[in-house]
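Throughout, protein chains are lettered first and strands after them, A, B, ... in sequence-line order, and every chain is numbered starting at 1.
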Protein chains: 2
Amino acid sequence: MSISTDLQCPKVVVLGSGNVATALTLAINASGAGKVVQVFSRSIDNARTLAAKVGADAVNVPEDVIGTGDIYLVSLADDAVASTLSRIKPNGALWLHTSGSLDMSVLSGMSERYGVFYPLQTFSKSREVDLSAVTLFTEGSSPSVEEEIASFGKKIFKNIIHADSVTRSRMHVAAVFACNFSNYMWSIAHDLLAKHDIPFDVLAPLLQETLAKALTMPPRDGQTGPARRGDLRIIEAHASSLPPKEQEIYRLLSKCIMDEFYGKQS
Amino acid sequence: MSISTDLQCPKVVVLGSGNVATALTLAINASGAGKVVQVFSRSIDNARTLAAKVGADAVNVPEDVIGTGDIYLVSLADDAVASTLSRIKPNGALWLHTSGSLDMSVLSGMSERYGVFYPLQTFSKSREVDLSAVTLFTEGSSPSVEEEIASFGKKIFKNIIHADSVTRSRMHVAAVFACNFSNYMWSIAHDLLAKHDIPFDVLAPLLQETLAKALTMPPRDGQTGPARRGDLRIIEAHASSLPPKEQEIYRLLSKCIMDEFYGKQS
């Protein structure tokens with residue numbers, strides 16, 4: 001079977017203009033995996049901003065999404081996917097979503113060829129990420145669609161892993177703890193230091209070592225700190241020095257760590 | 001003023017055999033900052049294990065701590081400091097503790113020369129850390145003692161910052177969030193993945209990028225994830241899929257993140 005011209009440089013329609021949509025739109029064009037021809041976003045300003053970066057058209061009405069794309073990349077907030085797609089006509093194209101937690105079947109009404117294209121990474125618009133080191137999790141509505149997705153994906157990503165919806169959802173929950181919640185811990189630390197005019201940078205060697213350690217031994221074995229030592233006096237002193245929200249987090253996490261290392265506290 | 005022989009290679013007595021005591025004992029000898037001559041620990045086995053690494057004596061009775069050291073490094077669990085020191089005779093040496101949160105004054109009964117020697121890092125016995133990149137926070141009972149501490153410290157650490165007890169305690173609380181609690185998030189992620197036989201390594205690029213981003217922009221600006229997007233459906237799906245403890249953490253942190261970005265939820 002010869003690969004058609006469309007598959008060598010498919011016309012891509014991107015639905016969404018958030019962090020993931022932005023990173024993938026730029027990567028698709030830069031890698032030559034495809035050409036993004038249209039960007040849809042509920043905000044026409046956001047659609048235009050992203051579309052302008054790759055010379056694509058911008059629309060903000062679902063009915064205006066063109067029907068002639070080869071690949072449709074749905075990178076909307078999970079809550080918005082169903083209502084947006086209900087206003088777009090099905091076609092024979094390859095439909096993909098980029099969500100860690102949505103079931104593949106949300107796309108089943110759009111085409112017979114659909115699947116998942118979930119990059120395990122944190123994206124922010126202002127920061128470029130080297131996607132070649134990122135793992136892409138894929139799932140396809142059939143083995144041949146799965147192959148098609150992998151073939152598209154490998155032009156952008158180095159590591160591609162097939163994962164069914166359950167496995168992908170587990171990955172996503174783990175990633176929320178590992179990435180989103182860790183970052184939030186750093187955000188709290190940043191603000192605590194800022195109150196005393198101490199730059200967050202002073203923590204850099206500590207953070208780098210903490211991560212390096214977690215990648216060489218199970219993080220549990222590298223756990224340190226007052227809760228790990230069961231140092232109740234320090235825990236109380238720290239907690240009571242904090243504003244209510246931070247205090248609640250400090251107490252809960254310290255209790256959970258102590259429960260793990262010393263058994264349930266009464 | 002000429003520097004005495006003692007100050008060029010002071011005899012160091014280490015009280016403690018935990019992660020910090022171990023890292024500093026090895027670093028003191030390796031750097032030539034001093035010679036560790038005795039290790040005290042409540043557990044004689046732990047004292048012997050550490051002492052053997054540097055050819056020092058090991059004791060487990062406070063009354064057996066020698067009185068002829070030049071520097072006493074107190075690296076005990078905070079809770080154990082007062083009761084241990086009450087059984088050791090004061091002398092004219094330099095007494096230092098390594099705690100992030102203990103006041104300097106806990107040492108005031110031991111000597112006129114005392115202070116704080118707090119390295120901002122996470123230590124585990126099985127892992128060697130390059131201390132030259134670590135920041136050491138110092139505080140001394142007088143300006144000349146402060147100088148003496150800095151002079152000793154700079155043979156081991158590159159960055160030395162004077163910090164009073166309040167500032168140091170703030171640093172310590174921030175470090176608990178930034179290091180200990182982040183590591184705990186990774187520990188949870190590790191276990192969630194292990195249940196599905198997914199290696200923690202698959203998260204490495206995500207974790208590295210999350211940290212790299214947090215060091216180039218305020219972590220709040222780099223916050224991503226379901227709670228940042230206010231994606232209540234996913235938050236509920238994730239939370240309800242988790243065991244009770246992880247569920248409580250997931251719900252609390254998601255709520256806190258949403259409160260920050262969308263205002264207090266009712």
Side-chain angles (χ1 to χ4, degrees), chain A residues 19 77-79 101 120-122 124 127 129 133-135 167 170 173-190 192-193 196 202-207 209-211 213-215 218-220 222-226 229 231 233-234 237-238 241 245 249 252-253 256-257, chain B residues 19 77-79 101 120-122 124 127 129 133-135 167 170 173-190 192-193 196 202-207 209-211 213-215 218-220 222-226 229 231 233-234 237-238 241 245 249 252-253 256-257:
Chain A
N19 293 330
D78 289 0
D79 286 351
S101 289
L120 185 64
Q121 187 51 284
T122 171
S124 291
R127 189 176 156 84
V129 171
V134 173
T135 299
T167 307
R170 291 291 157 234
V173 181
V176 169
F177 279 95
C179 162
N180 304 147
F181 290 165
S182 284
N183 187 73
Y184 185 57
M185 297 298 113
W186 298 335
S187 188
I188 292 174
H190 176 279
L192 291 174
L193 294 179
H196 296 265
V202 75
L203 292 176
L206 175 62
L207 300 185
E209 169 61 15
T210 306
L211 177 55
K213 188 161 67 170
L215 294 174
R220 174 164 291 99
Q223 186 69 51
T224 62
R229 293 192 301 272
D231 202 332
R233 207 187 59 80
I234 294 297
H238 281 180
S241 77
K245 188 178 71 176
I249 295 170
L252 174 63
L253 296 182
C256 289
I257 294 170
Chain B
N19 294 330
D78 289 0
D79 285 352
S101 289
L120 184 64
Q121 186 52 284
T122 171
S124 291
R127 189 176 157 84
V129 171
V134 172
T135 299
T167 306
R170 291 291 158 235
V173 181
V176 170
F177 279 95
C179 162
N180 305 147
F181 290 166
S182 284
N183 187 73
Y184 186 56
M185 297 299 114
W186 298 334
S187 188
I188 292 174
H190 176 280
L192 291 174
L193 293 180
H196 296 266
V202 75
L203 292 175
L206 174 62
L207 300 185
E209 169 62 15
T210 306
L211 177 54
K213 188 160 69 168
L215 294 174
R220 175 164 290 100
Q223 186 69 51
T224 62
R229 294 192 301 272
D231 202 331
R233 205 187 61 81
I234 295 296
H238 281 179
S241 77
K245 187 177 73 176
I249 295 170
L252 174 62
L253 297 182
C256 289
I257 293 171

**Student:** Between Val129(A), Asn183(A), Leu203(A), Leu192(A), which has the largest tally of heavy atom pairs under 4.5 Å with chain B?
**Tutor:** Asn183(A)
**Student:** With no hydrogens and no angle check, just 3.5 Å: does a side-chain donor-acceptor pair link Thr224(B) and Thr122(A)?
**Tutor:** yes
**Student:** Is it the case that Thr167(B) and His196(A) place a side-chain donor and acceptor less than 3.5 Å from each other?
**Tutor:** no
**Student:** Under 4.5 Å from any heavy atom of chain A, what part of Asn19(B) do you find: side chain, backbone, both or neither?
**Tutor:** side chain
**Student:** Side chain from CB out, backbone as N, CA, C, O: work out which of these in Ile257(A) comes under 4.5 Å of a heavy atom of chain B, or both, or neither.
**Tutor:** both
**Student:** Can you tell me which portion of Val173(A) sits under 4.5 Å from chain B's heavy atoms? Options are side chain, backbone, both or neither.
**Tutor:** both
**Student:** Does any heavy atom of chain B fall under 4.5 Å from the side chain of Ala214(A), the backbone, both, or neither of them?
**Tutor:** both
**Student:** Heavy atoms, side chains only, cut-off 4.5 Å: are Ile249(B) and Phe177(A) in contact?
**Tutor:** yes
**Student:** In terms of heavy-atom pairs under 4.5 Å with chain A, which of Ala204(B), Ala175(B), Ser124(B), Gly225(B) leads?
**Tutor:** Ser124(B)
**Student:** If you count heavy-atom pairs under 4.5 Å with chain B, which of Arg229(A), Arg233(A), His190(A), Gln223(A) comes out on top?
**Tutor:** Gln223(A)
**Student:** Is the closest side-chain heavy-atom distance between Ile188(B) and Phe181(A) below 4.5 Å?
**Tutor:** no
**Student:** What residue in Ala237(A), Ala189(A), Gly222(A) has the most heavy-atom pairs under 4.5 Å with chain B?
**Tutor:** Ala189(A)
**Student:** Could you check if a side-chain atom of Leu253(A) sits within less than 4.5 angstrom of a side-chain atom of Met185(B), using non-hydrogen atoms only?
**Tutor:** yes
**Student:** Please rank Cys256(A), Pro226(A), Ala77(A), Ser241(A) by heavy-atom pairs under 4.5 Å with chain B and give me the top one.
**Tutor:** Cys256(A)
**Student:** At what distance, to the nearest 0.5 angstrom, does SG of Cys179(A) lie from CH2 of Trp186(B)?
**Tutor:** 10.5 Å
**Student:** Is it the side chain or the backbone of Leu252(A) that comes within 4.5 Å of chain B heavy atoms, both, or neither?
**Tutor:** side chain
**Student:** What distance separates Leu211(B) CG from Leu211(A) CG, expressed to the nearest 0.5 Å?
**Tutor:** 6.0 Å
**Student:** Under a 4.5 Å cutoff for heavy-atom pairs, which residue among Val202(A), Thr135(A), Val134(A) has the most contacts with chain B?
**Tutor:** Val202(A)
**Student:** To the nearest 0.5 Å, what is the distance between CG on Leu215(A) and NZ on Lys213(A)?
**Tutor:** 12.0 Å
**Student:** Report which part of Val176(B) has an atom under 4.5 Å of a heavy atom belonging to chain A: side chain, backbone, both, or neither.
**Tutor:** side chain
